Amino acid sequence: MSSNQRPHSEPPVTHTFKPIKGEPQAGANVFKNASPRQASCNQEVEAHSSEAACCASTQCSNDNASVTPHNDESVGRLEWHIRGMDCPSCANKVSQAVAGIAGVSQVTVTFSTEKLKLNCRDASAKRAVIEAIEKLGFTLTDVASAASSSYLDSHASRWARPRSHLSFILITFVLVMAFAVNLLLPSLGPYFLATATVVGLSPIAVKAWHLIWRGSPFSIELLMTVAALGALYLGEYVEASMVLWLFLLGEKLEALSSQKARQGIASLVALTPNTATKVMPDGKRVAVDRSVLVVGDEIEVGVGERLGADFMLVSAYGEFDKSALTGESIAVTHYQGETVPAGSLVEGSVVRGKVVSEQGESAIDRIVKLIEDAEQNRAPVERFIVAFSRWYTPAVMLVALLTVVIPVSVFGADFGDWLYRSLTLLLIACPCALVISTPAAMTSALAAAAKKGILIKGGAVIEQLSKSQVIAFDKTGTLTRGEPELTDICATEVDDLSLLSIAAALEVGSHHPLAAAVIRRAEQEGINVLPAESRQALPGHGVAGVIDGVRYYLVKASTSSTAQQLSQQGKTVAALKCDEQILGYLAWQDVLREEAQPAIQSLHAMGLQTVMLTGDNAHSADAIAQVLGVDAKAELLPADKVAQVQRLASTQHVVMVGDGINDAPAMKAASVGIAMASGTDVALEVADAALVQNRLDKLAVLLGLSRKTMAIVRQNVAFALGLKGVFLVTSLFGITGLWLAVIADSGATALVTLNALRLLKRD
């Protein structure tokens with residue numbers, strides 16, 4: 001495999017883009033997501049990253065009591081929402097704690113949507129899972145329960161509810177009172193400060209203990225507990241209490257940052273309303289909960305309302321604003337029988353339609369599932385950071401231990417002074433900012449891309465896209481519309497409209513794409529087409545028929561100068577004859593997409609090379625290539641396309657954009673494969689990304705987003721490592737103390753997260 005091809009040091013995620021059942025038009029079929037990640041892959045990824053566990057919400061929000069999932073005796077595949085996860089390491093802690101429980105398998109924890117999915121062998125295993133997670137300080141809510149049906153859309157505003165901050169407010173109050181006593185009664189102050197610190201530290205210490213027993217010994221909770229108790233031992237009561245409060249404040253800031261990062265996904269879920277107007281068989285309209293809708297139900301949606309499910313339009317037509325879903329800037333008209341994705345906003349008039357998506361399988365649901373699964377497909381840089389963080393924390397803890405042992409035992413230095421420096425190093429040992437630096441950016445990028453009508457299968461794809469140097473295109477259906485248009489009417493013995501009218505009469509009833517183009521053009525010209533009599537197909541040549549007693553033939557063009565001139569332009573040419581007399585010529589061509597030329601120009605402006613790989617004839621390929629300004633390789637079989645891509649990929653990072661079955665092998669051979677949404681199932685399945693709107697101008701958007709994402713990742717990693725390095729040195733030399741170390745750790749985590757959130761801003 002070329003070094004420029006897809007890197008997979010861990011088992012790859014299996015994804016499939018497939019069309020919505022019964023959907024006749026392109027544009028939403030890309031939302032389908034297939035098989036889940038294999039159990040072995042899940043457990044391997046989580047096991048590798050669990051040792052990097054570093055931070056969690058010590059005082060988790062308790063605005064809803066922990067909810068034990070309904071039907072307590074049920075077994076099988078279970079799914080929960082988990083509240084209180086403030087960074088990806090929290091997800092690792094949950095995974096590590098649950099994976100070791102007997103009877104539990106295929107554990108997947110998704111930080112971006114706060115979900116836990118697993119298989120439970122029996123009810124006792126399920127109860128063990130609930131107990132283990134609640135002991136870690138997180139809150140479980142059953143996804144299937146009615147109370148959590150709109151979890152994500154309401155969860156985004158949870159930060160604003162005062163109750164979620166109650167524990168932090170109480171501890172703050174206790175610490176403030178202790179400080180006041182210390183100022184007014186100095187003799188009693190140390191006792192009050194020590195007591196307040198121990199009270200506030202207790203839940204952190206308990207959580208650290210549970211994490212140790214659940215397989216996460218190197219947690220920030222343990223580091224914080226040791227540091228605070230050490231400060232109390234040294235008599236630094238004020239500093240111990242300040243370190244505790246700053247730690248809790250930092251946790252709150254991290255929670256806020258994480259909440260903002262999830263809002264991109266939550267806003268997608270919020271597009272689907274909780275209720276719908278169901279039309280009963282007797283015509284009555286009844287307001288029902290979205291969760292009770294089933295396939296075949298007829299619903300009515302008013303102007304200004306959104307669809308709660310994918311539905312097939314029953315009304316004659318309707319106008320839908322899908323900008324929040326696909327990025328399309330104007331309303332799109334759909335006609336009876338066409339499928340419209342959930343989340344679309346109705347404009348113009350009230351519409352009716354029949355539900356075509358099962359519960360949890362609407363367009364919105366599939367986007368969220370795709371983002372959840374994509375989170376498991378880590379970018380190479382993220383896998384490196386996870387591996388790095390596995391040994392970083394133990395290494396710094398060892399340095400902290402040696403910081404006490406060597407100066408005191410070898411050089412006879414002051415024990416208290418070097419113990420203090422060692423405790424400061426312990427707080428620096430937490431890799432929170434480093435661990436979250438990449439996933440925060442990747443999750444934001446995935447959500448931002450989905451809003452722009454682009455679906456990506458993971459962080460590894462984003463990293464490869466950022467390195468792209470060459471963009472290879474299929475022609476038919478990718479650069480062109482994929483259906484021929486009647487471009488030329490060259491009459492010689494009759495006028496153009498008469499020529500078109502006769503040709504259309506001969507083609508009525510034919511399903512050939514060229515015939516359909518003739519009929520469309522005749523309708524556009526306002527011609528009332530009547531079928532010819534005695535119509536007869538001439539296999540390999542054309543069609544014949546009788547009109548007003550005269551027999552006409554529409555057949556392959558002869559080698560006349562007009563026919564040759566049109567053929568050299570890459571067009572398909574036919575002659576209309578009456579007996580042996582040629583009445584004129586018709587020419588067809590698969591025309592370029594309107595946005596193709598501007599899209600290519602945008603790619604060139606980004607410094608990218610472009611090449612077209614097509615199985616079409618050289619004349620047609622050259623005509624298209626000349627207009628677009630791209631290199632062209634014509635008359636290629638599927639194997640030839642693969643060979644061309646492999647040749648380019650041997651020295652450069654190549655992106656292959658296609659839509660057909662014959663493009664799939666080349667897309668797989670490229671560093672990244674991108675499918676048009678109107679493409680075949682095979683092309684969509686092997687693709688790493690898909691353009692939902694079939695618009696090539698989204699390519700520049702996608703590549704620009706990938707470059708910006710990786711730039712932010714590099715900024716975050718440099719900042720996190722640089723800050724750790726600075727405080728490692730200053731702590732060893734006694735320049736910085738405990739409270740500055742806490743500020744640096746929590747502040748860095750919040751800053752790298754906020755930096756990643758810039759990706760969610762609309763351009």
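Here the structure is a predicted model, which is why all the values come from computation and not from measurement. Heads up: numbering here begins at 1 and tracks the sequence.
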For side-chain contact (heavy atoms from CB on, under 4.5 Å), just list the numbers for Ile600 and Leu696, CA-CA rounded to whole Å, side-chain angles, deciding distance to a tenth of an Å, and then say yes or no. CA-CA 8 Å; Ile600 296 296; Leu696 289 173; over 6 Å; no

Taking the side chain as C-beta and beyond, is there a heavy-atom pair between Lys452 and Gln693 under 4.5 Å? no

Should we say atom NZ of Lys633 is surrounded by more than 12 heavy atoms from elsewhere, each under 6.0 Å from it? no

Residue pair Val109 / Val107, side-chain heavy-atom distance below 4.5 Å: yes

Heavy-atom pair with the smallest gap, counting every atom of Leu760 and Ala447: CD2-CB, 4.0 Å

Quick check: closest heavy atoms across Ala756 and Ile712, and the distance to 0.1 Å? CA-CG2, 3.9 Å

Anything under 3.5 Å between a donor and an acceptor, one on a side chain of residues 606-615, the other on a protein residue two or more places apart or in another chain? List them.
from	atom 1	to	atom 2	distance (Å)
Thr610	OG1	His604	NE2	2.7
Thr614	OG1	Asp616	N	3.0

Between CG of Leu455 and CG of Leu446, what distance do you get to the nearest 0.5 Å? 9.5 Å

Going by the side-chain contact (heavy atoms from CB on, under 4.5 Å) test, name the single residue among Leu628, Asp663, Leu699, Val630 that passes it with Phe473. Leu699

Could you go through Gln644 and Leu636, starting from their C-alpha distance and side-chain angles, then the distance that decides it, and tell me whether this counts as side-chain contact (heavy atoms from CB on, under 4.5 Å)? CA-CA 9 Å; Gln644 289 289 337; Leu636 300 177; 4.2 Å; yes

For Ser437 and Val717, work out which heavy atoms get closest and say how close. OG-CG2, 3.6 Å

Could you work out, with salt bridge (Lys or Arg N to Asp or Glu O under 4.0 Å) as the rule, every residue matching Asp697, not counting sequence neighbours? Arg695

Test item: Lys115 and Ile82 side chains (from C-beta on) under 4.5 Å apart, heavy atoms: no

Testing Asp688, Asp659, Leu465, Leu703 one by one against Ile674 for a side-chain contact (heavy atoms from CB on, under 4.5 Å), which residue passes? Leu465

Should Asp474 and Lys641 count as an ion pair when the cut-off is N to O under 4.0 Å? yes

Salt bridge (Lys or Arg N to Asp or Glu O under 4.0 Å) filter on Glu483, not counting sequence neighbours, yields none

Atom pair CE/OG of Met442 and Ser444 - distance to nearest 0.5 Å: 10.5 Å

Identify the two heavy atoms, one from Val692 and one from Ala677, that lie closest to each other, and give their separation to 0.1 Å. O-CB, 3.2 Å

Between Arg593 and Thr480, is any pair of side-chain heavy atoms under 4.5 Å apart? no

Minimal heavy-atom distance between Ala621 and Ala632, with the atoms involved, is O-CB, 4.3 Å

Considering non-hydrogen atoms only, spot the tightest contact between Val654 and Ala472 and give its length. CG1-CB, 4.4 Å

Measuring only between side-chain heavy atoms, which start at C-beta, is Thr108 closer than 4.5 Å to Leu118? no

Could you check whether any side-chain N or O of Ser357 sits under 3.5 Å from a backbone N or O of Asp310, counting only pairs where one atom can act as donor and the other as acceptor? yes

Got a second to check how far Ser671's OG is from Gln469's CD, nearest 0.5 Å? 8.5 Å

Atom pair CD1/NE2 of Ile471 and His653 - distance to nearest 0.5 Å: 12.0 Å

Glu595 CD to Leu479 CG distance, which is reported to the nearest 0.5 Å: 9.5 Å

Thr438 and Asn716, any side-chain heavy atoms less than 4.5 Å apart: no

Measuring from atom CD of Gln715 to atom CE of Met710, what distance do you get when rounded to the nearest 0.5 angstrom? 11.5 Å

Any sub-3.5 Å donor-acceptor pair from Ser650's side-chain atoms to Arg647's backbone N or O? yes

Derivation of the side-chain contact (heavy atoms from CB on, under 4.5 Å) call for Gln626 and Asp622: CA-CA 6 Å; Gln626 186 174 2; Asp622 290 340; over 6 Å; no

